[in-house]
Amino acid sequence: MAVPGRIRVVEGNEALLPAVLEFARRTYPEGSHQGRIGYYHWLYERAPGKLSSMLLVLDDQDRVVGTLHRLFLDWRIHDAILQVPTLIDLALDPEYRPSGAGIRLILRGTQDVPHAFVNGSNPNSAPVFRGLRYQEIQGGVWSRLALRPLSALWRTLVFRTSGAATRPIEPRRFKPRYGIQCTSAPSDQLLAELALLANASPATVRPNWTLESLRWRFFHPQGPRHVLFHGRDATGELLSALVLSLGTTRGLNVVRPLLLVAKDQRSMSDLIKASYRSAKDAGAHAAASYSMDATVIQVLSDLGARKRKDPPATFFHHKRRTDHLLFTDLDIPAGASDLGFDAFPRP
């Protein structure tokens, strides 16, 4: 193996996108959204500096050998609304991992913001954020529920023996169930209602949703694709809503709720049961979830979901160390970070 040369961390731009795509295609599985140029135009559409908010590691031949991307969302932090980046897609070519480039990317990615969010940090990267004295957030539960146990077992065996990938499920295969409707192309009216329902959370720290930000985050023509499930009461008022993503991992099709809100536990239970039944009928093998909501955690437990024994870690970075005192009453949906399961295929 060649000894890595000198590296530098730079901001992204249009001219570097071909090199970014080349890096993504050797780093992520075939068909991943990171391998599409439209993904980056979508991701940085709302970023303060557009593509310059992308951070890259270049080697001495100007090849991209590492990335750190930032998903910018509006957060309500007590009485203020601030744009907070979620650090995502931190990746380095294997030979550059011991070089310290990952820490350089993280420090560069947080130097110009008062707060930053990290969710789903694995055992390899979590010690880095702890070493940087990020605030570690407790209370989130990662769980998994088998939807088709026998089929999942068979697909896992096939994947382990042959490496054969699973064909992703098209959104059109998800159908309404038990009175809960679903769509992959929601109207502006429906998204406006969802924003009101999601923002009704009493938590003092949470994402702040609008019609525009929901459409950008989940239903943008260049962004990852999702399905929205929703239920109404007898008067037509929105009672519950769930944004579902799907990804292929280790030979399985796995769905995951990214935004999940309801007015009461009964509505939440009905919503989850209907969406998971629809996913099962469409061919999904399992459902994975992350939630800080006690109602969601209880409903999933009642359905037989099992907590992960080695859950990823969740962190907030604060420029002012004392700001951790403000981040105690939290409502963090998986959609504030998770892009790894957003793999519905594009036509």
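Excluded from the calculations below are hydrogen atoms, water molecules and symmetry mates; all remaining heavy atoms, backbone and side chain alike, are included. Because the structure is a prediction, the values reported are computed rather than measured.
- Between the Asp331 side chain and the Arg206 main chain, no donor and acceptor come within less than 3.5 Å of each other.
- With rounding to the nearest 0.5 angstrom, the CD1 atom of Ile137 is 6.0 Å from the CZ atom of Phe316.
- Phe174 and Tyr178 are not part of a single hydrophobic cluster, where members link through side-chain heavy atoms under 4.5 Å apart.
- Two residues are said to be in side-chain contact when any heavy atoms from C-beta on lie closer than 4.5 Å; Met292 and Leu330 meet this criterion.
- A donor-acceptor pair is defined here as one N or O able to donate and one able to accept, closer than 3.5 Å; no such pair exists between the side chain of Thr248 and the backbone of Thr166.
- The line from CG of Leu326 to NE2 of His78 is 4.5 Å long, rounded to the nearest 0.5 Å.
- Leu16 and Tyr28 fall into different hydrophobic clusters, where Ile, Leu, Val, Met, Phe, Trp and Tyr residues are linked whenever their side-chain heavy atoms come under 4.5 Å apart, directly or through other members.
- With hydrogens and angles disregarded, a donor-acceptor distance shorter than 3.5 Å links the side chain of Thr86 to the backbone of Ala336.
- For the atom pair Asp293 CG and Leu300 CG, the distance stands at 9.5 Å (nearest 0.5 Å).
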> When you look at Arg36 and His41, which way does the side chain to side chain contact (heavy atoms under 4.5 Å, CB included) test go after all the steps?
Replying inline: CA-CA 10 Å; Arg36 295 185 298 105; His41 289 140; over 6 Å; no
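- Ser278 places a side-chain N or O within donor-acceptor distance of the main-chain N or O of Lys175, the cut-off being under 3.5 Å.
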>> Before you tell me yes or no, could you show the steps for Gln298 and Thr295 under side chain to side chain contact (heavy atoms under 4.5 Å, CB included), namely the whole-Å CA-CA distance, both residues' side-chain angles and the distance that decides it to 0.1 Å?
In response: CA-CA 5 Å; Gln298 184 61 55; Thr295 299; 5.9 Å; no
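- In the hydrophobic cluster analysis, where Ile, Leu, Val, Met, Phe, Trp and Tyr join through side-chain heavy atoms closer than 4.5 angstrom, Tyr39 is grouped together with Leu21.
- Using a 4.5 Å cut-off on side-chain heavy atoms (C-beta onward), Arg217 and Leu258 make contact.
- Checking side-chain atoms of Arg215 against main-chain N and O of Pro186 turns up a donor-acceptor pair under 3.5 Å.
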> Does the pair Leu259 and Leu214 meet the rule for a side chain to side chain contact (heavy atoms under 4.5 Å, CB included), with working shown?
Replying inline: CA-CA 10 Å; Leu259 181 62; Leu214 285 168; 3.8 Å; yes
>> As a quick check of understanding, evaluate side chain to side chain donor-acceptor pair (under 3.5 Å) for Glu45 and His220, giving each step before the final call.
In response: CA-CA 11 Å; Glu45 182 177 294; His220 191 284; 2.9 Å; yes
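- Among all heavy-atom pairs drawn from Ala284 and Leu147, the shortest one is O-CB, 3.8 Å.
- Residues Thr67 and Met54 have side chains not in contact (no heavy-atom distance under 4.5 Å, counting atoms from C-beta outward).
- Side-chain contact between Pro224 and Trp42 is present, with heavy atoms from C-beta onward closer than 4.5 Å.
- Within a 6.0 Å radius of CZ in Arg130, other residues, nucleotides and ligands contribute more than 12 heavy atoms.
- Listed for the Arg25 side chain is a donor-acceptor partner under 3.5 Å among the backbone atoms of Gly35.
- Taking each heavy atom of Glu136 and Ala313 in turn, the nearest pair found is OE2-CB, 3.7 Å.
- Panel note: side chain Ser240, backbone Ala262; no donor-acceptor pair is recorded below 3.5 Å.
- Taking CG of Leu271 as the reference point, atom CG of Leu242 lies at 5.0 Å (rounded to 0.5 Å).
- Using a 4.0 Å cut-off between charged nitrogen and carboxylate oxygen, Arg46 and Glu212 do not count as a salt-bridge pair.
- Phe159 and Leu153 end up in different hydrophobic clusters when Ile, Leu, Val, Met, Phe, Trp and Tyr side chains are linked at under 4.5 Å.
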> Are Tyr96 and Val57 close enough, and set up right, to give a side chain to side chain contact (heavy atoms under 4.5 Å, CB included), and what steps lead you there?
Replying inline: CA-CA 10 Å; Tyr96 288 91; Val57 179; 5.6 Å; no
> ring pair (Phe, Tyr, Trp, His ring centres under 6.0 Å) between Phe218 and Trp209: does it pass, once the steps are laid out?
Replying inline: CA-CA 12 Å; Phe218 300 116; Trp209 300 104; 5.7 Å; yes
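- If you take CZ on Arg8 and CG on Leu58, they are separated by 5.0 Å, rounding to the nearest 0.5 Å.
- Counting non-hydrogen atoms of other residues, nucleotides and ligands closer than 6.0 Å to CZ of Arg320 gives a total of 12 or fewer.
- Between the side chains of Ser125 and Asn122, a donor-acceptor pair is found at a separation under 3.5 Å.
- Separation of atoms CD1 (Ile77) and CD1 (Ile81) is listed at 10.0 Å; rounding is to 0.5 Å.
- Side-chain atoms of Val141 and Val296, non-hydrogen and from C-beta on, never get closer than 4.5 Å to each other.
- The shortest heavy-atom contact between Leu105 and Gly66 is CD1-C, 4.4 Å.
- Taking a 6.0 Å sphere around CZ of Arg308, one finds it holds more than 12 heavy atoms contributed by other residues, nucleotides or ligands.
- The local environment of CZ in Arg266 is sparse, with at most 12 non-hydrogen atoms from other residues, nucleotides or ligands closer than 6.0 Å.
- Taking both residues in full, the closest heavy atoms of Leu68 and Gly109 are given as CD2-CA, 4.3 Å, listed atom of the first, atom of the second, then distance.
- The shortest distance between side-chain heavy atoms of Asn208 and Asn199 falls below 4.5 Å.
- Side chain of Arg250 to backbone of Thr156: no donor-acceptor contact under 3.5 angstrom is found.
- Side-chain contact between Pro333 and Pro207 is present, with heavy atoms from C-beta onward closer than 4.5 Å.
- A heavy-atom distance below 4.5 Å is found between the side chains of Val254 and Arg144.
- Surrounding NZ of Lys319 are more than 12 heavy atoms belonging to other residues, nucleotides or ligands, all under 6.0 Å away.
- For the residue pair Gln34 / His69, no side-chain donor-acceptor distance below 3.5 Å is found, with atom types taken as modelled.
- In this structure, Arg177 pairs ionically with Asp281, as a charged nitrogen and a carboxylate oxygen lie closer than 4.0 Å.
- Considering every non-hydrogen atom in both Tyr276 and Ser289, the closest pair reads OH-CB, 4.4 Å.
- Side-chain atoms of His285 come within 3.5 Å of backbone atoms of Asn253 as a donor-acceptor pair (strictly under, hydrogens ignored).
- Across all non-hydrogen atoms, the minimal contact from His230 to Leu238 is CB-CD1, 3.8 Å.
- Hydrophobic clustering, with ILVMFWY side chains joined whenever heavy atoms are under 4.5 angstrom apart, groups Leu51 together with Trp216.
- Relative orientation of the Tyr134 and Phe315 rings is perpendicular, given thresholds of 30° and 60° on the angle between their planes.
- By the neighbour-count criterion of 12 heavy atoms within 6.0 Å, atom NZ of Lys263 is densely surrounded, having more than that number from other residues, nucleotides or ligands.
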